[in-house]
Trainee: 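Here it is: the structure, laid out below.
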Amino acid sequence: MKKMLSILLLCVCIGIVSGCGSKKRTIECTVTQTLSNYKLNATYKIYATGDVVDKVETLEVIDSSNEAVLKEFESTLNTQYGNNNKQYGGYDYKIGIEGSKLESKVTIDYSKVDMKKMVSDNSAMKNFVNNKNRLTVKGATALYEALGATCK
């Protein structure tokens, strides 16, 4: 009996030390698209604990010799991320043009995003969250794959 109790205690200790809780992981999605007047290279890093997304970091680089195209992207992205941050919170972004490239760096902290409101405002988001309105890894990868990204 004593030996069995010792083995059980050892198993419990191993489970605690090895972090039997939810596993942290990172998934990286990338996409390259070339259109007639610009080229997009993007990386989306999804940081998750278990099956729930904690944050996403994006880096999008748009290369174009047409300054008007870059200015239009700059305006659109600033408006989009600014509106999302005002409505839902959790968005930190920096967008700038240097030469023929626009660089957009965005961090979305899902612990700060009002996902309940986001799902309420956009019913399609219901497909990407769990029953607690938390963005799932499966949902996030599906969103980026719909944009043409490959996720690993």
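Just so it is clear, the values below take in all heavy atoms, side chains as well, and ignore hydrogens, waters and symmetry mates.
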Trainee: Might you work through the side chain to side chain contact (heavy atoms under 4.5 Å, CB included) test for Y38 and N66, ending with a clear yes or no?
Mentor: CA-CA 8 Å; Y38 70 90; N66 186 332; over 6 Å; no
Trainee: Would D51 and N130 count as a side chain to side chain contact (heavy atoms under 4.5 Å, CB included) if you check the C-alpha gap in whole Å, the side-chain angles of each, and the deciding distance to 0.1 Å?
Mentor: CA-CA 9 Å; D51 292 330; N130 63 17; over 6 Å; no
Trainee: Is the shortest side-chain heavy-atom distance between V137 and R25 below 4.5 Å?
Mentor: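 Yes, at least one pair of side-chain atoms sits under 4.5 Å.
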Trainee: Return yes if a side-chain donor-acceptor contact under 3.5 Å exists between N85 and Y93, otherwise no.
Mentor: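 There is no such pair (donor and acceptor under 3.5 Å, judged by atom type) between the side chains of N85 and Y93.
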Trainee: Count the heavy atoms of every other residue, nucleotide or ligand shown that sit under 6.0 Å from CD of E67, and state whether that count exceeds 12.
Mentor: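 Open: at most 12 neighbouring heavy atoms sit under 6.0 Å from CD of E67.
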Trainee: What pair of heavy atoms forms the shortest contact from K55 to D109, and how long is it?
Mentor: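 Reported closest heavy-atom pair: CB-CA, 4.1 Å.
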Trainee: Any chain of hydrophobic side-chain contacts (each under 4.5 Å) joining M125 to Y91?
Mentor: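 Yes.
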Trainee: With the 4.5 Å side-chain cut-off for hydrophobic clustering, are V106 and I97 part of the same group?
Mentor: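 Yes, V106 connects to I97 through the hydrophobic network.
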Trainee: What's the verdict on side chain to side chain contact (heavy atoms under 4.5 Å, CB included) for E28 and K152, showing C-alpha distance, side-chain angles and the deciding distance?
Mentor: CA-CA 6 Å; E28 187 169 299; K152 297 179 186 177; 5.7 Å; no
Trainee: Do Y110 and I46 pass the side chain to side chain contact (heavy atoms under 4.5 Å, CB included) test, and can you show the C-alpha distance, the side-chain angles, and the key distance before you say yes or no?
Mentor: CA-CA 11 Å; Y110 283 96; I46 302 166; over 6 Å; no
Trainee: Find out if a path of hydrophobic residues (ILVMFWY) with successive side-chain heavy-atom gaps under 4.5 Å connects L143 to V52.
Mentor: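 L143 does not cluster with V52.
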Trainee: Taking all non-hydrogen atoms of both residues, which atom of G96 and which atom of E74 are closest, and how far apart?
Mentor: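 Result for this residue pair: CA-OE2, 4.3 Å.
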Trainee: Taking all atoms of both residues into account, what is the closest heavy-atom pair of D63 and S100, and its distance?
Mentor: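 Shortest heavy-atom separation between D63 and S100 comes out as OD1-O, 3.1 Å.
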Trainee: Flag the pair L102 / L77 as yes when at least one side-chain heavy-atom distance between them is below 4.5 Å, and no otherwise.
Mentor: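 They are in contact (side-chain heavy atoms under 4.5 Å apart), so the answer is yes.
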Trainee: What are the two closest non-hydrogen atoms of A48 and D54, and how far apart are they?
Mentor: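 Looks like C-OD2, 3.3 Å.
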Trainee: Hydrophobic clustering (ILVMFWY, side-chain heavy atoms < 4.5 Å, transitive) - are V53 and I27 grouped together?
Mentor: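 I27 and V53: one cluster.
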Trainee: Mind listing the closest non-hydrogen atom pair of F128 and L135 along with its distance?
Mentor: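 Heavy atoms of F128 and L135 come nearest at O-CD1, 3.3 Å.
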Trainee: What I'd like to find out is whether the side chain of L147 reaches to under 4.5 Å of the side chain of V31, using heavy atoms alone.
Mentor: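 Of all side-chain heavy-atom pairs linking V31 with L147, none is under 4.5 Å.
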Trainee: Nearest 0.5 angstrom please: T150 OG1 to E145 CD, how far?
Mentor: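 One finds 7.5 Å between OG1 of T150 and CD of E145.
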Trainee: Do D121 and Y88 have side-chain heavy atoms sitting under 4.5 Å apart?
Mentor: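 Sidechains of Y88 and D121: in contact.
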Trainee: Does any non-hydrogen side-chain atom of T49 lie less than 4.5 Å from one of K24?
Mentor: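 Answer yes - side chains close enough.
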Trainee: About how many Å separate CD of Q80 and OG of S75, when rounded to the nearest 0.5 Å?
Mentor: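 Interatomic distance, S75 OG to Q80 CD, rounded to 0.5 Å: 11.5 Å.
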Trainee: Within the 3.5 Å criterion, strictly below it, is a donor on Y44 or E60 matched to an acceptor on the partner's side chain?
Mentor: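 A donor-acceptor contact under 3.5 Å links the two side chains.
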Trainee: Hey, are K105 and E103 close enough for a salt bridge, meaning a charged N less than 4.0 Å from a carboxylate O?
Mentor: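 Salt bridge: yes.
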Trainee: Say you draw a straight line from CD1 of I108 to CD of E57; how long is it, rounded to the nearest 0.5 Å?
Mentor: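 Here the rounded value is 10.5 Å.
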Trainee: Keeping the roles fixed (side chain from T43, backbone from L59), state whether a donor-acceptor pair exists under 3.5 Å.
Mentor: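 Looks like no, no N/O pair under 3.5 Å.
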Trainee: Is there a path of hydrophobic side-chain contacts, each under 4.5 Å between heavy atoms, that joins L70 and L35?
Mentor: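 In one cluster: yes.
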Trainee: Check whether more than 12 heavy atoms from other residues, nucleotides or ligands sit under 6.0 Å from atom NZ of K117, and answer yes or no.
Mentor: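 More than 12 heavy atoms, drawn from other residues, nucleotides or ligands, come within 6.0 Å of this atom.
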Trainee: Can you tell if the side chain of F73 reaches within under 4.5 Å of the side chain of S104, non-hydrogen atoms only?
Mentor: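 Counting from C-beta outward, F73 and S104 never come under 4.5 Å.
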Trainee: Can you give me the closest heavy-atom contact between V113 and G89, atom names plus distance?
Mentor: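 Shortest heavy-atom contact: CG2-O, 3.2 Å.
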